[in-house]
Amino acid sequence: MILTVTMNPSVDISYPLEEFNLDTVNRVAKVSKTPGGKGLNVTRVLKQLDDEVVATGLIGGALGTDIKEKLLQTGIKNDFFEISGETRNCIAILHEGNQTEILEKGPTITKSESENFLKHFEELVKNENTKIIAISGSLPDGLETNYYSKMIGICEKYEKPVVLDCSGKALIEVLKNNYKPKVIKPNTEELSQLIGKDVSKNPNELKEILKDKLFEKIEWIIVSLGADGAFAKHNDKFYKVNVPKIEVVNPVGSGDSTVAGITSAIHENASDETLLRKANVLGMLNAMEKLTGFVNLDKYEELFKKIEIINL
Ligand code: ADP
């Protein structure tokens with residue numbers, strides 16, 4: 001079983017508008033409200049792959065209850081920890097080919113909630129059915145920047161591997177700490193943030209960057225490169241992944257779909273090549289759909305074969 005973690009989930013609201021008028025009323029007829037947050041996108045893709053998955057994280061208030069109900073309606077098991085704060089809404093206004101987003105910050109976590117979630121998490125990690133943990137997204141207010149390190153420490157205690165997809169201070173803190181995730185998946189923007197300078201998509205440059213001490217003891221570093229595929233380091237092996245040209249509809253959530261592919265491949269002990277193909281196919285399939293964290297698997301085999309993996 002795969003355990004996914006979403007520490008600051010949301011109800012994602014999409015408002016499609018022909019025209020977005022400022023400083024006046026905009027009426028919207030076709031509203032969609034879905035459980036959101038990067039970890040829940042990962043969860044949805046894993047569910048579509050038929051992998052056994054349980055979603056956890058922090059949840060609260062009426063919107064929290066709504067998320068849990070919606071997940072159960074789609075057959076997704078979950079075991080969230082209840083907090084006193086209210087789970088947030090995130091609004092995307094789709095207008096004239098643009099996407100204007102209004103993202104609520106979300107609840108502030110209290111000290112006792114912060115401590116008690118770690119106990120809840122430990123129980124889930126300890127469970128013999130839990131084989132791997134995928135942690136995605138930002139930390140809500142109230143949790144210290146080293147909170148993911150504490151969670152990874154718990155996973156290490158039970159020898160369970162972690163796939164981590166986060167950015168900024170939370171990721172820097174993890175890289176400085178002794179407990180290491182098995183995989184990280186930064187995109188080039190996140191990698192630039194980490195090393196404090198601009199990063200190109202040049203494989204030779206990426207190879208040098210990933211040899212840095214900062215990444216020591218992290219088994220897999222997979223840098224996703226959008227339409228340029230990915231660059232990966234597995235221990236002392238380096239790979240460039242080239243992907244075919246596709247018709248992109250909405251690339252939001254492609255990285256989450258990639259994380260689902262990585263986690264699923266490790267869960268089934270796949271080879272390096274299969275892992276990289278699966279991760280990139282799922283990223284592509286997400287980009288080809290309107291919905292975030294949704295893939296149409298009909299084209300899976302065709303794209304899987306078209307991907308090129310080069311050893312560097
Ligand atoms: P993130 O969403 O984290 O920024 P990316 O945009 O790099 O991640 O996308 C993740 C993966 O999805 C890429 O490695 C690639 O396999 C696939 N992908 C995303 N955008 C495209 C695109 N325009 N064309 C082909 N593949 C894409």
Side-chain angles (χ1 to χ4, degrees), residues 4 6 12 36-46 48-49 90 92 97 99 101 103 134-138 163-168 170-171 181 183-194 198-203 206 209-210 220-234 238-265 270 272-297 299-310 312:
T4 62
T6 316
D12 285 354
K38 287 166 72 65
L40 289 178
N41 294 338
V42 174
T43 312
R44 267 200 297 276
V45 175
L46 287 168
Q48 285 175 74
L49 291 171
C90 286
Q99 179 157 337
E101 297 191 21
L103 309 181
I135 303 177
S136 307
S138 57
V163 179
L164 177 70
D165 184 17
C166 69
S167 56
L171 180 55
V183 187
I184 55 171
K185 188 225 71 68
N187 57 26
T188 44
E189 208 181 309
E190 289 157 352
L191 190 60
S192 301
Q193 247 181 36
L194 267 184
D198 279 352
V199 171
S200 78
K201 293 183 175 178
N202 178 299
L206 289 168
I209 291 171
L210 299 191
W220 272 103
I221 302 146
I222 302 177
V223 184
S224 66
L225 305 171
D228 291 315
F231 183 86
K233 175 179 184 286
H234 184 203
F238 292 87
Y239 302 97
K240 173 71 188 48
V241 183
N242 293 328
V243 295
K245 210 172 158 39
I246 54 163
E247 209 156 301
V248 175
V249 178
N250 176 15
V252 176
S254 283
D256 304 332
S257 203
T258 297
V259 167
I262 296 167
T263 311
S264 174
D272 286 11
E273 192 169 323
T274 301
L275 180 150
L276 292 170
R277 283 181 193 272
K278 188 167 195 174
N280 280 270
V281 173
L282 290 169
M284 280 191 277
L285 289 174
N286 177 83
M288 289 159 80
E289 299 293 325
K290 208 163 132 190
L291 295 175
T292 300
F294 175 81
V295 289
N296 176 351
L297 295 171
K299 290 224 168 102
Y300 186 94
E301 288 302 327
E302 183 193 328
L303 291 173
F304 191 92
K305 285 185 206 135
K306 282 190 181 158
I307 287 176
E308 186 187 28
I309 316 264
I310 302 167
L312 290 171

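Note that ligands are numbered from 1 as they come in the structure, with each ligand's atoms numbered from 1 the same way. Numbering of residues begins at 1 and proceeds along the displayed sequence.
The structure places NZ of K240 at 5.5 Å from CG of L225, a figure rounded to the nearest 0.5 Å. Atom CG in D165 sits 8.0 Å away from atom OG in S224 (nearest 0.5 Å).
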Donor-acceptor pairs under 3.5 Å, side chain of residues 281-292 to any protein atom, not counting sequence neighbours: which ones?
| residue | atom | partner | partner atom | Å |
| --- | --- | --- | --- | --- |
| N286 | OD1 | G293 | N | 2.9 |
| N286 | ND2 | V252 | O | 3.0 |
| N286 | ND2 | S254 | OG | 3.2 |

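Under the 30°/60° scheme for interplanar angles, the aromatic rings of F231 and F238 are found to be tilted.
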For this session: Might you work through the side chain to side chain contact (heavy atoms under 4.5 Å, CB included) test for T274 and F304, ending with a clear yes or no?
Result: CA-CA 9 Å; T274 301; F304 191 92; 4.1 Å; yes
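For E273 and R277, the salt-bridge test passes: some basic side-chain N is under 4.0 Å from an acidic carboxylate O.
In this structure, ligand 1 sits under 4.0 Å from heavy atoms belonging to K185, N187, S224, L225, G226, A227, G229, V243, I246, V248, S254, G255, T258, N280, G283, M284.
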